[in-house]
Amino acid sequence: MNFPGFFVVLSEIITKFAQSAIPIAVFTMGKELNRLKVVLAEKRRTNKWLAQQLGKDPATVSKWCTNTAQPSLETLSEIAMSLEVDVKDLLQSSIRKLDY
């Protein structure tokens with residue numbers, strides 16, 4: 001395989017894609033699916049407090065806050081009740097606004 005040629009072609013494809021008139025949103029699995037860290041800050045609560053409320057290991061809550069792992073739907077509901085928010089407030093919107 002001719003690597004320099006491959007990268008030239010790849011560069012051309014990327015350039016054409018970037019110049020296309022069709023906006024495309026790319027979603028990465030596991031990337032910022034929840035807003036737990038933001039909501040905890042808004043409510044002036046800590047990871048440790050939430051872990052105590054749920055009976056969970058603080059390391060687990062930390063993983064949720066960094067979006068390294070995600071809580072189950074059942075746990076998400078418990079989190080919402082503990083923080084007195086709607087479950088949807090804990091999730092990133094699935095609707096992305098794209099600039100045209």
Side-chain angles (χ1 to χ4, degrees):
M1 177 180 233
N2 181 357
F3 285 106
F6 169 77
F7 288 113
V8 169
V9 171
L10 181 60
S11 176
E12 290 172 359
I13 291 170
I14 291 170
T15 301
K16 286 180 183 177
F17 175 76
Q19 293 172 346
S20 77
I22 303 170
I24 298 174
V26 177
F27 300 99
T28 305
M29 277 299 290
K31 184 176 180 182
E32 296 192 26
L33 295 177
N34 75 61
R35 300 180 63 248
L36 186 51
K37 184 176 182 178
V38 174
V39 175
L40 279 170
E42 289 171 354
K43 294 290 185 172
R44 298 180 185 207
R45 296 293 186 176
T46 64
N47 297 11
K48 184 178 178 181
W49 174 87
L50 184 60
Q52 290 171 340
Q53 296 299 306
L54 302 173
K56 301 285 185 183
D57 188 308
T60 300
V61 174
S62 178
K63 288 177 185 178
W64 296 338
C65 289
T66 59
N67 279 281
T68 304
Q70 299 300 324
S72 68
L73 292 176
E74 182 179 338
T75 302
L76 203 61
S77 179
E78 292 173 14
I79 293 168
M81 286 188 286
S82 295
L83 293 170
E84 298 178 345
V85 297
D86 193 300
V87 173
K88 70 180 180 181
D89 295 332
L90 297 173
L91 301 173
Q92 289 289 351
S93 174
S94 61
I95 300 170
R96 300 282 189 239
K97 293 182 180 179
L98 302 174
D99 295 328
Y100 288 93

Give a yes or no answer on whether the side chain of N34 reaches the backbone of L90 with a donor-acceptor pair at less than 3.5 Å. no

For C65 versus N47, what's the shortest heavy-atom pair and its separation? SG-OD1, 3.5 Å

Going only through I, L, V, M, F, W and Y residues with side-chain contacts under 4.5 Å, is there a path from V38 to L50? no

Side chains of R45 and L40 in contact at under 4.5 Å (non-hydrogen atoms): yes

Closest approach of K56 and W64, non-hydrogen atoms and distance? CG-CH2, 4.1 Å

Return all side-chain donor-acceptor pairs below 3.5 angstrom for residues 74-86, not counting sequence neighbours, or 'none' if the list is empty.
unit_1 : atom_1 : unit_2 : atom_2 : d
T75    : OG1    : S72    : OG     : 3.0
S82    : OG     : E78    : O      : 3.1
D86    : OD1    : K88    : N      : 2.9

Between Q92 and E32, which heavy-atom pair has the shortest distance, and what is it? CG-O, 2.7 Å

In one Ile/Leu/Val/Met/Phe/Trp/Tyr side-chain cluster, 4.5 Å: L91, L54: yes

Would you give the length of the straight line joining atom CG of L36 to atom NZ of K63, rounded to the nearest 0.5 angstrom? 14.5 Å

d(K37 NZ, S62 OG) to nearest 0.5 Å is 8.5 Å

